[in-house]
Student: 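Dumping the structure here so I can ask a few things about it.
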Amino acid sequence: PNRTWSRSADRRRFAAVMENPEIQRLMTLQHKAALDGRYAALFRALKLTPEQLEKFKNLLVERSSAVVDVAAAAREQGITRRSDREAFDKLVADAQAEIDANIRATIGETGFSDYKKYEQTMPQRSVVNQLEQRLSYSSTPLTPQQTAQVVDILAATAPRSDGGANITFGSGPGGGPVSRVPITDAAIQQSLGVLAAPQIEALRQLQQEQQAQAALGAAMRQQFQERRASGTPGD
């Protein structure tokens, strides 16, 4: 009971901190500063006016903080995700849909379609960002066209889980966890018509590193399970 009370008190204290106007202002600045790391390629492609770009950035920040804002408003109605997940999730979806409508009005239908596609391929872009960085100091850096093509290839060849979602693992750039899709043999095969030989080799190296990371994770989980089953202490 004491532990339950402590967790409840911690949640209330956290909620109070998040509702502090100065904390909200600083978080908004932090979110806005991180936008270029995630959306620079999209900003470049959309070719917005300075006024449109500024409004678009503000809406992206607003969308990223929608969950926190909704949680604060929902608590005033006696709704939490723990007490009524369906109602809470609907409030979040409604808030994000309203922001999406404002984004569509700001950047246009074609721009909005490009934005949604960009969001959906964020995991693939995390992988391609790694490839870009690896090749940036070589004699064969990726061109913008190659970058876009490899993103499309990774999206088209990503393995599917039983639930229909991309199999993802790891973390990516941008200040937070970003899932990554594995580089499949099919992706490398399709990339042969897009990338030069040194670029393909760099892509293969990334694939091998992904596979090694996955194997290490599986081995560590297996060892942990064996130790737990045998009662062997972890240290």
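Computed from a predicted model, the values in this text were never measured in an experiment. Below, all heavy atoms of this structure are taken into account, side chains as well, without hydrogens, waters or symmetry copies.
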Student: Check whether any side-chain heavy atom of Glu51 lies under 4.5 Å from a side-chain heavy atom of Lys55, and answer yes or no.
Tutor: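 Answer no - side chains too far apart.
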Student: Which residues, ordered by chain and number, are linked to Leu216 in its hydrophobic cluster, where ILVMFWY side chains connect at heavy-atom gaps below 4.5 Å, directly or through other members?
Tutor: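 Besides Leu216, the cluster holds Met220.
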Student: Just so I know, are the side chains of Glu209 and Gln130 near enough to count as touching, which here means a heavy-atom distance under 4.5 Å?
Tutor: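 Not in contact.
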Student: Looking at every non-hydrogen atom in both residues, tell me the closest pair between Leu131 and Gln199 and how far apart they are.
Tutor: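 Scanning both residues completely, I find the closest heavy atoms to be CD1-O, 4.2 Å.
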Student: Using modelled atom types only, decide if a donor and an acceptor are shared between the side chain of Ser191 and the backbone of Val194 within a distance under 3.5 Å.
Tutor: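 No, because the side chain of Ser191 does not come within donor-acceptor range (under 3.5 Å) of the backbone of Val194.
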Student: Between the side chains of Thr157 and Gln190, does any donor sit under 3.5 Å from an acceptor?
Tutor: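 Not at all, the side chains of Thr157 and Gln190 share no donor-acceptor pair under 3.5 Å.
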Student: Considering only heavy atoms from C-beta outward, does the side chain of Gln52 approach that of Leu46 to under 4.5 Å?
Tutor: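 The answer is no; the side chains never approach within 4.5 Å.
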Student: Check whether any side-chain heavy atom of Leu195 lies under 4.5 Å from a side-chain heavy atom of Gln146, and answer yes or no.
Tutor: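 SC-SC contact between Leu195 and Gln146 confirmed.
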Student: Identify the heavy atoms of Ile183 and Gln207 that sit nearest to each other, and give their distance.
Tutor: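 That would be O-NE2, 3.0 Å.
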Student: Counting only N and O atoms by type, is there a donor-acceptor contact under 3.5 Å from the side chain of Thr121 to the main-chain atoms of Gln124?
Tutor: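 Here the side-chain-to-backbone pair does not exist.
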Student: Do NZ/NE/NH1/NH2 and the carboxylate oxygens of Lys32 and Glu54 come within less than 4.0 Å?
Tutor: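 Judged by the 4.0 Å cut-off on N to carboxylate O distance, Lys32 and Glu54 do form a salt bridge.
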Student: Given side chains that start at C-beta, do those of Asp152 and Lys117 come closer than 4.5 Å, heavy atoms only?
Tutor: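 Yes, at least one pair of side-chain atoms sits under 4.5 Å.
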Student: Can you say whether the rings of Phe56 and Phe43 are parallel (under 30°), tilted (30 to 60°) or perpendicular (over 60°)?
Tutor: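 Perpendicular, since the angle between the ring planes exceeds 60°.
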Student: With a 6.0 Å cut-off (strictly less than), is the heavy-atom count around CD of Gln205, excluding the residue itself, greater than 12?
Tutor: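 Result for CD/Gln205: enclosed.
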Student: Carefully, step by step, assess Arg104 and Asp100 under the rule salt bridge (charged side-chain N to carboxylate O under 4.0 Å, His left out).
Tutor: CA-CA 6 Å; Arg104 181 184 277 107; Asp100 280 348; over 6 Å; no
Student: With no hydrogens and no angle check, is any side-chain donor or acceptor of Ser113 less than 3.5 Å from a backbone partner on Thr110?
Tutor: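 No.
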Student: Do other residues, nucleotides or ligands put more than 12 heavy atoms under 6.0 Å from the CD atom of Glu201?
Tutor: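 Yes, enclosed.
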